[in-house]
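Here is the structure we will look at, set down as structure tokens.
Because the structure is a prediction, the values reported are computed rather than measured. By convention in this document, chain letters (A, B, ...) are assigned in the order of the sequence lines, proteins followed by strands, and residues within each chain are numbered from 1. Both backbone and side-chain heavy atoms feed into the values below; hydrogens, waters and symmetry mates do not.
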There are 2 protein chains.
Amino acid sequence: MDQVEIFKALSNKTRLQILNWLKEPELHFPEQKENGFEHGVCVGRIHQKAGLTQSTVSEYLTSLQRAGLVTATRAGQWTYYKRNEETFAALSRLIQSEI
Amino acid sequence: MDQVEIFKALSNKTRLQILNWLKEPELHFPEQKENGFEHGVCVGRIHQKAGLTQSTVSEYLTSLQRAGLVTATRAGQWTYYKRNEETFAALSRLIQSEI
DNA sequence: TTGGTATATCGGGAAAAGCCGATATATCTT
DNA sequence: AAGATATATCGGCTTTTCCCGATATACCAA
């Protein structure tokens, strides 16, 4: 758990936005409803909603993953990204006791 | 409470270090003991301990203050910086409920 | 195999952050 | 007023971040 890396990942409006969308995928990505959200949301939908290029969003998701804030699951041609709530909980604890 | 600004302020090893020192000033800045720590620690001592130039440390402290993570109190020729625990508590809550 | 779709990676230009040395400002002392 | 001390600000160089378009890679379908 690299603190600096986590805070850097969180230091961007779009990335915070993405994390927020992933809190309630059914609400923010209703198009994907039939496929379910067990593994999260695929890059393409996040890309469309974010209004940035595919490459930028892909890089953002990778950086969130490196920080441990999301997990990635490949399924066929899609990669699904999902929040990793444990990291958020750990970070919250860290802030009130360690930092 | 600008989330991005807070996370940017926390995205630096030295600044995290400073915040950590300020948790226990009497432990990390014993030289200042006779003056007390009610208003925190003055820039010069933090500068010496950090091993970066005075200007850099002054800028770092200003950025921590802008983020609301510390408060600054001027007393004579000294400026004392002190942790603002309310912001840390609020941030901790924010992470576990909002972000 | 060929082509289509989804994602990742690469190269790069612009903007911001990391630091520094020099200098300005504020305050105290004499 | 003049000098000393503490902090803030400014100009600049270097590294990193922000994004992009182009291209590569992976997978699927015919």
Side-chain angles (χ1 to χ4, degrees), chain A residues 2-19 22 25 29 31-32 34-37 39-67 69-82, chain B residues 2-19 22 25 29 31-32 34-37 39-67 69-82:
Chain A
D2 180 338
Q3 300 177 201
V4 172
E5 189 167 25
I6 291 177
F7 289 130
K8 277 188 178 164
L10 293 172
S11 298
N12 175 281
K13 195 163 184 172
T14 301
R15 288 193 296 266
L16 285 178
Q17 179 79 266
I18 291 172
L19 289 172
L22 293 180
F29 303 95
E31 331 84 72
Q32 196 185 293
E34 46 263 27
N35 306 52
F37 298 103
H39 297 103
V41 180
C42 67
V43 181
R45 302 199 189 282
I46 299 172
H47 154 49
Q48 285 169 23
K49 202 170 172 71
L52 295 176
T53 62
Q54 185 273 325
S55 66
T56 296
V57 172
S58 175
E59 279 168 8
Y60 280 9
L61 290 168
T62 300
S63 81
L64 289 172
Q65 188 199 10
R66 271 200 312 271
L69 294 165
V70 300
T71 58
T73 308
R74 183 95 195 194
Q77 16 189 359
W78 293 272
T79 306
Y80 294 91
Y81 284 94
K82 185 183 180 182
Chain B
D2 180 338
Q3 301 176 199
V4 173
E5 189 165 27
I6 291 176
F7 290 128
K8 277 189 177 162
L10 294 172
S11 298
N12 177 280
K13 195 164 183 167
T14 303
R15 287 193 296 267
L16 285 178
Q17 179 80 268
I18 291 171
L19 289 172
L22 293 180
F29 302 95
E31 329 86 74
Q32 196 186 292
E34 46 263 25
N35 307 52
F37 297 103
H39 297 103
V41 180
C42 67
V43 180
R45 301 199 190 281
I46 299 172
H47 154 51
Q48 284 170 26
K49 202 170 172 72
L52 294 176
T53 61
Q54 186 271 324
S55 65
T56 297
V57 171
S58 175
E59 279 168 9
Y60 280 10
L61 290 167
T62 301
S63 81
L64 290 171
Q65 188 198 11
R66 270 200 311 269
L69 294 164
V70 300
T71 57
T73 309
R74 182 98 198 193
Q77 17 188 359
W78 293 273
T79 306
Y80 294 91
Y81 285 91
K82 184 183 181 182

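- Here the nucleotide nearest the side chain of A/Glu59, chosen from D/dT7, C/dC10, C/dT7, is C/dC10.
- For the pair B/Gln32 (side chain) and B/Gly40 (backbone), a donor-acceptor distance under 3.5 Å is present.
- In this structure, the side chains of A/Phe7 and B/Asn12 stay at 4.5 Å or more apart for every pair of heavy atoms.
- Of the possible polar contacts, none joining the A/Arg45 side chain to the A/His47 backbone as a donor-acceptor pair under 3.5 Å is found.
- In the set D/dA8, C/dA6, C/dT9, D/dA8 carries the atom at the smallest distance from any side-chain atom of B/Arg74.
- Atom NZ in A/Lys13 sits roughly 11 Å away from atom P in D/dC19 (whole-Å rounding).
- The side-chain heavy atoms of B/Lys82 and B/Thr73, taken from C-beta on, include no pair separated by under 4.5 Å.
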What are the atom names and distances for every N/O pair under 3.5 Å that joins the protein to nucleotides 15-17 of chain D?
from, atom 1, to, atom 2, distance (Å)
D/dT17, OP1, A/Lys8, NZ, 3.1

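- Less than 4.0 Å separates DNA chain C from at least one heavy atom of each of the following residues of residues 45-54 of chain A: A/Gln54.
- Listed candidates were C/dA22, D/dC20, C/dA8. Nearest to the side chain of B/Ser55 is C/dA22.
- Distances from the side chain of A/Gln77 to the nucleotides D/dC27, C/dG18, C/dT7 place D/dC27 closest.
- Between B/Ile46 and B/Tyr60, every side-chain heavy-atom pair lies at or beyond the 4.5 Å cut-off.
- For the pair A/Trp78 and A/His39, the minimum side-chain heavy-atom distance is 4.5 Å or more.
- The interatomic distance linking B/Glu31 (CD) with D/dA6 (P) rounds to 13 Å, in whole Å.
- Contact annotation: the side chain of B/Leu19 approaches that of B/Val70 to within less than 4.5 Å [non-hydrogen atoms, C-beta and beyond].
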